[in-house]
Participant: 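Quick one: the structure is below, and I'll ask about it shortly.
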2 protein chains.
Amino acid sequence: MSERPLLPILGQDVRERSDAARNRKALLEAAQRLVDHCGVESVTMDAVAEAAGVGKGTVFRRFRTRSGLMAALLDQFEADWQASVIGGPPPLGPGAPPRERLLAFGRSRLEQNLRGAALIRAASTAAPARNYAVYSFAATHLRYLLDQLDVAGDIALLSTALMAPLEVVILEQQIEIEGMDVERIAAGWEDLAERIIARRRS
Amino acid sequence: MSERPLLPILGQDVRERSDAARNRKALLEAAQRLVDHCGVESVTMDAVAEAAGVGKGTVFRRFRTRSGLMAALLDQFEADWQASVIGGPPPLGPGAPPRERLLAFGRSRLEQNLRGAALIRAASTAAPARNYAVYSFAATHLRYLLDQLDVAGDIALLSTALMAPLEVVILEQQIEIEGMDVERIAAGWEDLAERIIARRRS
DNA sequence: CATCTAAACGGACCATGGTCCGGTTTCATT
DNA sequence: AATGAAACCGGACCATGGTCCGTTTAGATG
């Protein structure tokens, strides 16, 4: 399971020196261990460096920033979910009619975002390009579904309109401050989806 | 054994000591000056403290965190906008039919969020309760409009669905990464609003 | 194998957000 | 005015993210 970003990133690449590759793997493993063990927020870069038996500078060379490192972990975390969207069982995976896939997508994405909330938050500060990759997959899939459904209008924007209420910031506000429960939010999303897909191309 | 008048619990903190009030004002002014002059991101807490002629500890005592201070500035920034929603000229202010007010709300909120983007971002890290206030006003007003329009469904959720795509994070992604222009986003929002308000209570 | 270069390494160093605590100030009460 | 206590103040101090640069190493070339 290579951890190269799924989407082709323009240019660069070239090939990583063997020591660099070894260190990157060690760092990711160490970071994952620390996250599992202490929780995302209490994982410091120094700790990761030490746990990987590597200098601090190396961590920053590999991942640029703390959120960059977290984004790398997030990529791994998302891999399973992406796989089940691409090739898993219906209705999330292929095989079900688009409308059912859409509804399954919403619920599943909602849960996935909540599961990865801490990681997502830690990965989101700055570095807009990096965690765009993970967002991008979901957005692309969603656009595909809307297109399949012959939805009329600006599909890129409508897709954003469906993704936005599933963002962690929004979800946590609803759950923690307004005291909504997940079921209500999921049902509300489905209603939203219905309203959006109600207008079709003639 | 003095009895402080028991004000409504929500407000708490009945009265501020005069020196504290003076310092808070000085800090807010200094911070605003620095923000105007150097931009939000390059304003450090030490700088604010010094510019206000006050110890660093005082800044943190008053505003708790950096984002707390930014949230305070944001409150001031939002005051004008809130006033024009409550009592400004139509269609944003009262007097226009709800549907027109709704559409004006979207566009106006979109622009307002973009104008305050840097401040909003700086205020948003952690401290969920603080910047909830500014969010809350817009959300409440939106719910009111949806209610006026006899929109069917879970109005709190639908209101969130309309607010979420206007969040700074989302907007900047669309503008900077996907290269959309503001006009397109605004038009898309209006379309979204139309779809949402299309279903009314019988 | 000797050599050379670009890349990687490490850890000292810096900047900044946030905490702590001894001393000071406000202000209600007497 | 004197008093007492709660609130406030300041700046030294700590933790952590991020930078810098002299040194080491992979691996290509002859």
Side-chain angles (χ1 to χ4, degrees), chain A residues 11-28 30-31 34-35 38-73 119 121-127 130, chain B residues 1-7 12-28 30-31 34-35 38-73 119 121-127 130:
Chain A
Q12 67 176 342
D13 178 67
V14 191
R15 172 101 181 236
E16 200 171 34
R17 240 168 69 169
S18 63
D19 52 348
R22 192 181 348 114
N23 278 343
R24 194 187 60 214
K25 196 179 156 214
L27 282 167
L28 279 176
L34 285 178
V35 165
C38 321
V40 174
E41 15 272 346
S42 64
V43 172
T44 75
M45 296 302 260
D46 300 74
V48 173
E50 190 183 338
V54 133
K56 187 179 179 179
T58 303
V59 191
F60 281 92
R61 159 170 295 271
R62 281 279 86 72
F63 300 101
R64 195 122 190 298
T65 63
R66 184 187 137 98
S67 46
L69 172 57
M70 295 310 179
L73 292 181
L119 217 45
R121 236 181 297 114
S124 64
T125 38
R130 180 78 203 212
Chain B
M1 223 170 279
S2 70
E3 305 303 320
R4 244 52 187 294
L6 297 177
L7 288 195
Q12 101 171 139
D13 175 23
V14 195
R15 167 103 176 246
E16 202 172 34
R17 244 170 63 168
S18 64
D19 52 348
R22 195 182 342 115
N23 278 342
R24 194 188 57 214
K25 197 179 155 214
L27 281 168
L28 279 177
L34 285 178
V35 164
C38 320
V40 174
E41 16 273 345
S42 65
V43 172
T44 74
M45 295 302 262
D46 299 74
V48 173
E50 190 183 338
V54 133
K56 188 179 179 180
T58 304
V59 191
F60 281 93
R61 160 170 294 271
R62 279 278 88 69
F63 300 101
R64 197 124 187 297
T65 64
R66 184 186 137 96
S67 48
L69 173 56
M70 297 309 180
L73 292 181
L119 217 45
R121 234 182 299 115
S124 64
T125 39
R130 180 78 205 212

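Below, chains carry the letters A, B, ... as their sequence lines are ordered, and counting in each starts from 1.
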Participant: Among C/dG17, D/dG17, D/dG18, which nucleotide sits nearest the side chain of B/Asp46?
Facilitator: C/dG17

Participant: What is the separation between atom CD on B/Glu50 and atom P on D/dA12, rounded to the nearest whole Å?
Facilitator: 13 Å

Participant: Could you check how far CZ of A/Arg66 sits from P of D/dG18, rounded to whole Å?
Facilitator: 9 Å

Participant: I need the NZ-C1' distance between B/Lys56 and D/dG11, as an integer number of Å.
Facilitator: 9 Å

Participant: Rounded to the nearest Å, what distance is computed from the CZ atom of residue B/Arg64 to the C1' atom of nucleotide C/dC20?
Facilitator: 15 Å

Participant: Atom OG in B/Ser67, atom CG in B/Leu119: separation rounded to 0.5 Å?
Facilitator: 11.5 Å

Participant: Look at B/Ser18 and C/dC27 and indicate whether a side-chain polar atom (N or O) is within less than 4.0 Å of OP1 or OP2.
Facilitator: yes

Participant: From the options D/dT16, D/dA26, C/dG17, select the nucleotide whose nearest atom is closest to the side chain of A/Asp19.
Facilitator: D/dA26

Participant: Is there a side-chain contact between A/Phe63 and A/Arg24 (heavy atoms, below 4.5 Å)?
Facilitator: yes

Participant: At less than 4.0 Å, is any side-chain N or O atom of B/Arg62 found next to OP1 or OP2 of D/dC8? Yes or no.
Facilitator: yes

Participant: Without decimals, in angstroms, what is the distance between A/Leu27 CG and C/dA8 P?
Facilitator: 13 Å

Participant: Within this structure, what is the CZ-CG distance for the pair B/Arg62 and B/Asn23, rounded to the nearest 0.5 Å?
Facilitator: 7.0 Å

Participant: Are OP1 or OP2 of D/dC8 and a side-chain N or O of B/Asn23 less than 4.0 angstrom apart?
Facilitator: no

Participant: Can you check the B/Arg22 CZ to D/dA7 C1' distance for me, whole Å?
Facilitator: 14 Å

Participant: Does a distance-only test, which skips hydrogens and angles, find a donor-acceptor pair under 3.5 Å between the side chain of B/Arg17 and the base of C/dT25?
Facilitator: yes

Participant: Would you please confirm or rule out a distance under 4.0 Å between OP1 or OP2 of C/dA8 and any side-chain N or O of A/Thr58?
Facilitator: no

Participant: Quick one: A/Phe60 CZ to D/dC21 P, roughly how many Å, whole number?
Facilitator: 17 Å

Participant: Give a yes/no on whether any side-chain N or O of B/Arg24 is located under 4.0 angstrom from OP1 or OP2 of D/dC8.
Facilitator: no

Participant: For the side chain of A/Arg66 and the backbone of A/Val43, is there at least one donor-acceptor N/O pair under 3.5 Å apart?
Facilitator: yes

Participant: In whole angstrom, what separates B/Met70's CE from C/dG18's P?
Facilitator: 10 Å

Participant: For B/Leu69 and B/Leu28, run side-chain contact (heavy atoms from CB on, under 4.5 Å): C-alpha distance rounded to whole Å, both residues' side-chain angles, the deciding distance at 0.1 Å, then the answer.
Facilitator: CA-CA 8 Å; B/Leu69 173 56; B/Leu28 279 177; 4.2 Å; yes

Participant: Nearest to the side chain of A/Ala20, which nucleotide is it out of D/dA12, C/dT25, C/dA8?
Facilitator: C/dA8

